[in-house]
Amino acid sequence: RQPFLINGTRLTVSVSIGVAPRRPETTDPAELLRSADFAMYMAKGGGKDRYQTFDAQIHDNLTARSALQNDLALAVTAGQLHLDYQPVADLRTGEILGVEALLRWQHPTLGLLAPADFLDLAEETGDITAIGAWVLDTATRQAAGWRQSMGHCAGLWVSVNLSPVQLATLACLHGILTDPANQPEHVVLEITETALSADPDAGITALTALKDFGVRIAIDDFGRGLSSLSTLASLPIDILKIDPYFVSGRAPTAPSTPMLEAILGLADKLCLTVIAEGIETPQQLHLLQNLGCPLGQGFLLARPVPAQAMHTLL
């Protein structure tokens with residue numbers, strides 16, 4: 001660690017060390033060297049100038065993650081992805097006004113995976129671009145089919161979640177949103193409040209470009225992020241989706257009712273529609289109805305279901 005000079009240049013050397021203990025099941029010297037090498041890279045990844053003992057659990061997790069990454073690249077073309085749909089209802093009448101498309105991955109060996117199991121990895125690898133385009137195309141076509149086949153669903157809209165990565169690559173969505181058959185006026189694109197916080201200006205530019213297609217924009221999980229009111233007022237959005245924390249009463253920052261009243265009041269002043277997420281009990285539903293919340297979704301109203309079951313429900 002002590003600096004030294006070579007030809008007048010000051011240099012400092014640090015050392016990263018990987019340690020792999022021999023275990024009873026270790027029979028191959030090459031395996032032991034690979035384990036030590038892996039531990040050394042873990043030491044470097046942890047800040048360098050340190051040592052790291054080989055951790056079999058971390059190694060197994062990374063190996064599994066690498067395998068999942070390889071499988072993810074084939075998920076779209078292999079037809080392993082599918083969508084469930086959850087209704088968004090008028091809290092006064094119960095009428096289904098829209099549906100949210102929710103992605104599922106039927107992995108060939110791991111079974112059914114929820115978005116939390118693979119979307120972060122898809123964003124890291126860039127596979128989210130192809131996956132997101134497939135979701136938007138599939139959901140918009142499905143909703144268009146329901147509108148055409150059922151007269152009372154003529155105004156039914158479908159909402160699709162967007163990744164922050166997709167905001168930077170809007171070209172892949174252009175063909176889908178410009179297809180008249182998909183009726184972009186009946187499409188809602190959702191982006192989380194926290195996804196916009198890193199670069200609000202870029203987010204505003206991207207959302208404005210999306211609005212030009214004729215879609216509506218929703219801020220998902222509203223209340224959990226740190227966006228300022230000035231930023232919120234400048235966003236080209238149409239809908240606020242209240243985070244389930246405030247609906248459930250488990251919000252740690254403030255009692256639910258005052259927060260719900262504040263969000264509903266803010267939305268009214270900004271002329272935004274409000275959807276309450278995560279309605280699971282009659283008490284929560286009654287509270288939202290009494291506060292004048294217009295729309296909601298949650299297990300009490302309906303769980304996410306495949307397209308055919310959603311067709312029957314409609």
Side-chain angles (χ1 to χ4, degrees), residues 83 85-86 88 97-103 119 123 128-144 146-147 153-243 263-264 266-277 294-295 297:
L83 297 178
Y85 296 88
Q86 185 174 31
V88 178
L97 301 180
V99 294
E100 180 178 359
L102 300 168
L103 178 62
L119 279 191
E123 290 181 352
I128 190 64
T129 301
I131 292 173
W134 178 87
V135 170
L136 181 61
D137 185 58
T138 303
T140 52
R141 290 180 183 278
Q142 180 66 78
W146 285 329
R147 288 191 294 271
C153 292
L156 184 77
W157 46 264
V158 62
S159 67
V160 174
N161 293 278
L162 284 189
S163 158
V165 176
Q166 290 176 275
L167 286 183
T169 56
L170 296 183
C172 63
L173 307 180
H174 182 273
I176 302 169
L177 294 177
T178 54
D179 185 346
N182 292 332
Q183 299 178 302
E185 67 274 16
H186 294 302
V187 175
V188 175
L189 298 179
E190 299 186 18
I191 188 76
T192 63
E193 186 182 7
T194 50
L196 294 171
S197 59
D199 191 346
D201 291 338
I204 291 172
T205 300
L207 294 182
T208 300
L210 287 171
K211 289 277 287 183
D212 290 340
F213 291 116
V215 304
R216 289 186 291 165
I217 304 294
I219 296 296
D220 197 13
D221 297 337
F222 182 75
R224 296 290 294 276
L226 301 174
S227 296
S228 67
L229 293 181
S230 60
T231 300
L232 180 64
S234 63
L235 290 173
I237 60 176
D238 307 278
I239 299 169
L240 290 182
K241 300 192 73 174
I242 302 176
D243 189 275
I263 293 172
L264 289 166
L266 175 64
D268 182 62
K269 294 296 183 182
L270 296 176
C271 299
L272 301 175
T273 300
V274 176
I275 300 173
E277 297 184 278
L295 305 177
Q297 65 184 109

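The basis for the numbers below is simple: all heavy atoms, side chains too, and nothing from hydrogens, waters or symmetry mates.
Among Asp137, Leu136, Val187, Val158, the single residue meeting the side-chain contact (heavy atoms from CB on, under 4.5 Å) criterion with Asn182 is Asp137. Evaluated for a side-chain contact (heavy atoms from CB on, under 4.5 Å) with Thr273, the options Ile239, Ile237, Val188, Leu240 yield exactly one hit, Ile239.
Residues meeting the side chain to side chain donor-acceptor pair (under 3.5 Å) test with Ser163, sequence neighbours left out: Glu123. Residues passing the side-chain contact (heavy atoms from CB on, under 4.5 Å) test with Asp268, sequence neighbours excluded: none. Residues that satisfy the side chain to side chain donor-acceptor pair (under 3.5 Å) test with Glu190, not counting sequence neighbours, are Ser159, Lys241.
Closest approach of Pro184 and Leu177 over heavy atoms only: CG-O, 3.3 Å. Taking both residues in full, the closest heavy atoms of Ala101 and Ala139 are given as CB-CB, 3.8 Å, listed atom of the first, atom of the second, then distance. When all heavy atoms of Arg147 and Trp157 are compared, the pair lying nearest together is NH1-CA, 4.4 Å. Of all heavy-atom pairs spanning Asn161 and Gln166, the tightest one is O-OE1, 4.1 Å.
Between the CG atom in Asp220 and the CD atom in Glu100 there is a gap of 6.5 Å [rounded to 0.5 Å]. Here CG of Leu272 is found 9.0 Å from CZ of Phe222. Values are rounded to the nearest 0.5 Å. Between the CG atom of Leu156 and the CG atom of Leu97 there is a distance of 8.5 Å, given to the nearest 0.5 Å.
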Derivation and outcome, side-chain contact (heavy atoms from CB on, under 4.5 Å), residues Leu119 and Leu103 | CA-CA 10 Å; Leu119 279 191; Leu103 178 62; 4.1 Å; yes
Stepwise side-chain contact (heavy atoms from CB on, under 4.5 Å) check, Leu167 with Leu207 | CA-CA 8 Å; Leu167 286 183; Leu207 294 182; 4.1 Å; yes
Can you check side-chain contact (heavy atoms from CB on, under 4.5 Å) on Leu173 and Leu162, steps first, answer last?
-> CA-CA 11 Å; Leu173 307 180; Leu162 284 189; 4.1 Å; yes
Residues Thr208, Thr205; criterion side-chain contact (heavy atoms from CB on, under 4.5 Å); working and verdict = CA-CA 5 Å; Thr208 300; Thr205 300; 5.9 Å; no
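Under a 3.5 Å cut-off, the side chain of Asp238 and the backbone N or O of Ile217 do form a donor-acceptor pair.
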